[in-house]
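Computed over heavy atoms, backbone and side chain alike; hydrogens, waters and symmetry mates excluded.
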Amino acid sequence: LTLAVVLPRRNLTYPWAWPRVGPAVRLAAAAVNSRRDLLPDFTLGWVFGDSEDRHGVCSEMAAPLVAVDLRLAHHPAAFLGPGCVYSAAPVARFTSHWQLPLLTAGAEAHGFDDKSEEFGLTTRAGPSHRKLGELGVQLHRRFNWTRRALLVYWDEAMDDRPYYFAAEGLYVQLPTLGNFTVMDVVFRDGGNFSFIIQEIKAKGR
């Protein structure tokens with residue numbers, strides 16, 4: 001019985017990088033194999049595929065190619081990872097097509113909540129930005145903030161865009177309050193912060 005692992009090989013800026021997760025995978029496989037009552041007549045093994053590109057960052061191109069290679073060569077029973085949003089999305093679509101479960105500690109974006117089709121077999125073991133959005137809704141109800149929210153976040157449109165997807169959870173959930181306006185302001189390194197402050201003054205009231 002084979003588990004296909006698709007994670008960044010070296011980049012420790014990701015909490016799900018292989019140097020962090022690999023020891024847990026090895027320990028888990030050893031623990032399962034030591035208990036013959038858990039998977040009788042099976043031995044659990046794993047194969048690894050790197051989801052990084054040549055620059056060492058999560059790649060929406062490398063991850064699905066590696067996943068297809070692992071599927072064809074090893075016929076895994078399940079996938080572990082990827083964690084990055086842009087890497088996890090295409091791999092999750094493939095695993096759904098193959099009718100194989102995918103477990104990830106990442107894939108926090110709001111879109112992974114849709115279990116009706118392409119992400120139906122994806123299970124997230126970590127936090128999701130939908131939950132952040134639901135927290136925002138509860139805070140607005142608690143303090144009776146009923147008219148307007150302004151989301152200000154940093155976004156470079158590179159790598160995994162964590163702030164963009166975190167803001168997305170709030171952006172999608174806050175309108176469920178009803179007659180409520182949600183606006184967003186994006187800033188970048190070297191941006192015009194005076195303009196951002198004016199935007200906050202104009203739109204955040």
Side-chain angles (χ1 to χ4, degrees), residues 1-34 44-71 73-74 76-96 100-113 119 121-133 135 151-170 186-191:
L1 196 65
T2 302
L3 176 68
V5 181
V6 182
L7 294 171
R9 184 184 296 275
R10 286 176 285 276
N11 191 336
L12 292 176
T13 61
Y14 302 115
W16 44 77
W18 179 243
R20 299 180 192 278
V21 177
V25 171
R26 295 186 186 98
L27 286 171
V32 168
N33 290 331
S34 70
L44 179 63
W46 50 268
V47 290
F48 176 80
D50 188 2
S51 64
E52 290 180 8
D53 65 12
R54 62 189 176 90
H55 303 291
V57 297
C58 282
S59 169
E60 67 268 25
M61 185 174 76
L65 293 177
V66 164
V68 170
D69 287 344
L70 294 177
R71 164 71 171 161
H74 301 283
F79 277 76
L80 177 63
C84 298
V85 170
Y86 288 121
S87 300
V91 175
R93 292 182 184 106
F94 277 132
T95 58
S96 179
L100 295 175
L102 183 149
L103 175 65
T104 178
E108 310 99 322
H110 198 276
F112 288 93
D113 292 331
F119 303 125
L121 294 176
T122 300
T123 299
R124 296 179 292 180
S128 75
H129 293 320
R130 178 189 181 92
K131 292 297 181 185
L132 175 63
L135 172 64
L151 307 177
V152 182
Y153 60 95
W154 181 81
D155 183 35
E156 279 293 340
M158 294 171 58
D159 196 13
D160 216 37
R161 302 179 74 187
Y163 309 113
Y164 170 84
F165 286 113
E168 180 195 35
L170 291 161
V186 182
F187 67 93
R188 297 173 176 83
D189 277 346

Show me the donor-acceptor pairs, under 3.5 Å and distance only, between side chains in residues 100-107 and residues at least two apart or in other chains.
unit_1: T104; atom_1: OG1; unit_2: P82; atom_2: O; d: 2.7
unit_1: T104; atom_1: OG1; unit_2: G106; atom_2: N; d: 3.0

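Between W16 and P8 the shortest heavy-atom distance is CD1-CD, 3.8 Å. Contact between R124 and A109 at its shortest, heavy atoms only, is NH1-O, 3.1 Å. In plain terms, the two heavy atoms of A88 and F112 that are nearest each other are CB-CZ, 4.0 Å. For L7 against G83, the heavy-atom pair with the smallest separation is CD2-N, 4.3 Å. The minimum heavy-atom distance linking R20 with Y14 is given by the pair NE-O, 3.3 Å. For the pair L121 and T95, the tightest heavy-atom approach, listed with the atom from each and the gap, is CD1-O, 4.2 Å.
Residues S96 and F119 have side chains not in contact (no heavy-atom distance under 4.5 Å, counting atoms from C-beta outward).
Checked by atom type and distance alone, the side chain of R9 never pairs as donor or acceptor with a backbone atom of W18 at under 3.5 Å. For the pair E52 (side chain) and R10 (backbone), a donor-acceptor distance under 3.5 Å is present.
Separating the CE atom in M61 from the OG atom in S51 is a distance of 12.5 Å, to the nearest 0.5 Å. Atom OG in S87 sits 6.5 Å away from atom CD in E60 (nearest 0.5 Å). Rounding to the nearest 0.5 Å places NE2 of H110 at 11.0 Å from NE2 of H129. Between atom CG of residue L3 and atom CZ of residue F48 there is a gap of 12.0 Å, rounded to the nearest 0.5 Å.
At a threshold of 4.0 Å, the pair D113-K131 does not count as salt-bridged, since none of the basic side-chain nitrogens sits closer than that to a carboxylate oxygen.
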